[in-house]
Amino acid sequence: MTANIVSYSNKDVATVFDAIADLLEIDDANPFRVRAYRNASRTMENLDDEALSMIEQGRDLTEVPGIGKELAAKIETIVATGTVKALEELQQKIPAGVVEMLRLPGLGPKKVKTLYQDLGVTSLEQLDAAAAEGKVQALPGMGARTEEQIRKAVAARVATGDRILRAEATPTVERVLDVLKQAEPRAKLTVAGSYRRSRDTVGDLDILAVSKKPETLMDAFVAMDGVADVQAHGSTKSSVRLNAGLQVDLRVVARASFGAALHYFTGSQAHNVAVRRRAQKMGLKLNEYGLYRGEKQVAGATEIDVFEALELTYVEPELREDAGEIDQAEEGGLPKLVAQKDIKGDLHAHSTASDGRNSIREMATAAREQGYTYLAMTDHSKRLTVANGLDEGRIEAQMEEIDAINATLDDFTILKGIETDIMDDGSLDISDDVLSRLDIVVASVHHRFKLSREEQTERVMRAMDNPYFNVLGHPTGRILLEREPYEIDIPRIIAHAAERGCCLELNANPLRLDLHEKYCRQAMEQGVLISVNTDAHSTQQFDNMVHGIGQARRGWLEKKHVLNTRSLPQLRKLFKAMRG
DNA sequence: GCCGTTTTCGGCCCGACTGTTTTCAGTCG
């Protein structure tokens, strides 16, 4: 046995395939070959089973849709070595910095190739310098405008990253809709794109409008405050980049096309491709103006019409990722997704006792205003000294305080809880005696993020074995755009939770949205309940539930799959069973 | 590179806007 057994995950395979696709594009390969790699990358990322274990079990990778003989062989090589010859050869041919240029808006594979081959540019810095010196406009197919665009794009790239939190984009969405509404009060306005699909982060914003005066809307749009750069300004489509770096697209269509346009503009691209292919097979053509048989529009005014004409039930935006939703829609088997109104209470919240901003009573009042019937107070426990975590004595005092407040409430209940720390060895940092007297125990990892996958997984599984353990808090510890999840085998955790009968949290904090949708779906399939909690540290943060619900819906969860859609008596019964 | 109730070869979603062109390629979503 060697000391360092390294294996590579589906995620690594996806990364390699994407890199190959980028390089192939620049190398002027067959676009459909490029697409095959892109599709395979997406497929691998969403695949439930790890390729490595599939291979070990002797399963045939070509059974996975979009994976043929060639790609299956490459996957085998990648999971063993982390790379593959095809990638290495392309990397020899094309330097890494060239790929980075591909990410700039306005630059695609053809121009990047020209810049690289004719000017020898291999980094953003070199590109900017070449543009500054006027070398770019001398190239075939490029002019002064291209050069100017490149300089702006490089500056914007340096200033801002790629994507922003969905929650962070919300004020911009509201502001843009407001500007457009004022310009043309009769316009029908909708936000589409990944924002409408409730993705955790968004790369740009897509606004759709129905209006008889498209020019009025377009003019107001490109002239609005905060526009740094107008990238396109047409009669039905415009595109701007805001000062903050975010790109916003506006599309205007006629009423008869609204549904088709909304569907098209909502995406995802992969979903659109799959639906259009279905239309094609039925002898129809789907575009943003409608669904057509020859010249005749057969649907398009509403999304429901379009789906119906394609013999599909309505697909909620959150499910439109080409992840099996089309097959299910054909069979009428799509889930009835959980909604905010189904939530009866929040099971993870903090007060001033640890690091929260509001008292228990204030938190309870705010939770009640959300329409909830219960709230679990789960302050931090003693190991987390920076958050003024509670020891056993303070927990007992808090239990008494909660009893006293509950005595004054008639239609609302505060549950006694704790967010206990999972220690290095998988024990919990509060004694079983005290845990046994609480209504709910949320347990979380707050330190030692760098353990190996095996160690971290074992640690958390041991914590779950504690008889008073109810919910695993923010199971992977990810912070969006900031911190990767720690190494942990979530499918194993899910299997263990199924055995043990305990729950996983979907933390609704927009920075976390942890558990990821993919694992929500896996948990659901194995009968593990998900608790959608805000982890509120102030009364305002109860509003974060909407983000958690969005992620839950992306994870195909129905009301019955979510712990805190249960009434209080049902909840108590479940907790009792967990301890039984 | 994948895929097949029209095909094992020849297809592979579809259209708007821009810039550099004189009729269209490139890019984007």
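Residue numbering restarts at 1 for every chain, and letters A, B, ... go by the order of the sequence lines. Just so it is clear, the structure is predicted and the values come from calculations on it, not from any experiment.
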May I have the distance from [X] (atom [atom1]) to [N] (atom [atom2]), rounded to whole angstrom?
X        : N      : atom1 : atom2 : answer
A:Ile78  : B:dG1  : CD1   : C1'   : 14 Å
A:Leu250 : B:dC28 : CG    : C1'   : 16 Å
A:Lys110 : B:dT18 : NZ    : C1'   : 17 Å
A:Asn272 : B:dC12 : CG    : C1'   : 16 Å
A:Glu63  : B:dC2  : CD    : P     : 15 Å
A:His263 : B:dG29 : NE2   : C1'   : 14 Å

Regarding [X] and [Y], is there a side-chain donor-to-acceptor distance under 3.5 Å anywhere?
X        : Y        : value
A:Arg199 : A:Ser194 : no
A:Tyr8   : A:Thr81  : no
A:Thr122 : A:Gln126 : yes
A:Ser239 : A:Gln247 : yes

For A:Arg293, look at atom CZ and say whether over 12 heavy atoms of other residues, nucleotides or ligands are found less than 6.0 Å away.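 Open: at most 12 neighbouring heavy atoms sit under 6.0 Å from CZ of A:Arg293.
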Could you check whether atom NZ of A:Lys113 has more than 12 heavy atoms from other residues, nucleotides or ligands sitting under 6.0 Å from it?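 Yes, the 6.0 Å shell around NZ holds more than 12 heavy atoms from other groups.
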Considering residues at least two apart in sequence or located in another chain, which fulfil the salt bridge (charged side-chain N to carboxylate O under 4.0 Å, His left out) criterion with A:Arg151?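 Listed in chain order: A:Asp128.
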Please list, chain by chain and in numerical order, all residues satisfying side-chain hydrogen bond (donor to acceptor under 3.5 Å, both in side chains) with [X], sequence neighbours excluded.
X        : result
A:Gln280 : none
A:Asp225 : none
A:Glu168 : none

Do any side-chain nitrogens or oxygens of [X] fall under 4.0 Å of OP1 or OP2 in [N]?
X        : N      : value
A:Gln247 : B:dG29 : yes
A:Arg277 : B:dC13 : yes
A:Gln280 : B:dC14 : yes
A:Ser239 : B:dC17 : no

A:Val252 side chain near A:Met218 side chain, heavy-atom distance below 4.5 Å: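 Yes. Closest side-chain heavy atoms under 4.5 Å.
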Please produce a list of atom pairs where a protein N or O lies less than 3.5 Å from an N or O of nucleotides 20-24 of chain B.
residue: B:dT20; atom: OP1; partner: A:Gly143; partner atom: N; Å: 2.4
residue: B:dT20; atom: OP1; partner: A:Gly143; partner atom: O; Å: 3.2
residue: B:dT20; atom: OP1; partner: A:Ala144; partner atom: N; Å: 3.3
residue: B:dT20; atom: OP1; partner: A:Thr146; partner atom: N; Å: 3.4
residue: B:dT20; atom: OP1; partner: A:Thr146; partner atom: OG1; Å: 3.0

With a 4.0 Å cut-off, would you call [X] and [Y] a salt bridge?
X        : Y        : answer
A:Glu147 : A:Lys135 : no
A:Arg197 : A:Glu318 : no
A:Glu148 : A:Lys152 : yes
A:Glu303 : A:Arg196 : yes

Both A:Val112 and A:Lys237 contact DNA chain B. Taking the nearest nucleotide for each, which residue is further toward the 5' end?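 Final value for this comparison: A:Lys237.
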Want to settle it: does A:Ala86 or A:Asp204 sit nearer the 5' end of DNA chain B, counting the closest nucleotide to each?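 The answer here is A:Ala86.
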Sequence neighbours excluded, which residues qualify as side-chain contact (heavy atoms from CB on, under 4.5 Å) partners of A:Asp342?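 Applying side-chain contact (heavy atoms from CB on, under 4.5 Å) to A:Asp342 gives A:Val338, A:Ala339, A:Lys559, A:Thr565.
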Does B:dT8 pair with anything, Watson-Crick or G-U wobble, both distances under 3.5 Å, and if so, with which nucleotide?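 Its partner: none found.
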How should the glycosidic conformation of B:dT5 be described, syn or anti, under the criterion that syn lies within 90° of 0? anti
Could you walk me through whether A:Arg166 and A:Ser198 satisfy the side chain to side chain contact (heavy atoms under 4.5 Å, CB included) test, starting with their C-alpha distance in whole Å, then the side-chain angles of each, then the deciding distance to 0.1 Å, before giving a yes or no? CA-CA 7 Å; A:Arg166 180 184 186 279; A:Ser198 293; 4.1 Å; yes
Contact list please: [range] against DNA chain B, heavy atoms, distance less than 4.0 Å, in numerical order.
range                       : result
residues 285-303 of chain A : A:Lys285, A:Leu286, A:Asn287, A:Glu288, A:Tyr289
residues 35-45 of chain A   : A:Arg35, A:Ala36, A:Tyr37
residues 18-33 of chain A   : A:Asn30, A:Phe32, A:Arg33
residues 96-108 of chain A  : A:Leu104, A:Pro105, A:Gly106, A:Leu107, A:Gly108

Tabulate protein N/O versus nucleotide N/O from nucleotides 3-7 of chain B, keeping only pairs under 3.5 Å, one per line.
residue: B:dC3; atom: OP1; partner: A:Gly66; partner atom: N; Å: 2.7

Please classify the nucleic acid contact of [X] as base, sugar-phosphate, or nothing, using heavy-atom distances under 4.0 Å.
X        : result
A:Glu148 : nothing
A:Lys74  : sugar-phosphate
A:Ser235 : sugar-phosphate

Per the side chain to side chain donor-acceptor pair (under 3.5 Å) rule, which among A:Arg33, A:Arg38, A:Arg35, A:Lys110 passes with A:Glu25?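 Result for side chain to side chain donor-acceptor pair (under 3.5 Å) with A:Glu25: A:Arg38.
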Does any pair with a residue in residues 474-485 of chain A pass salt bridge (Lys or Arg N to Asp or Glu O under 4.0 Å), and if so which ones, sequence neighbours excluded?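 Output for this query lists A:Asp200-A:Arg478.
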Does the gap between the ring centers of A:Phe307 and A:His263 come in under 6.0 Å? yes
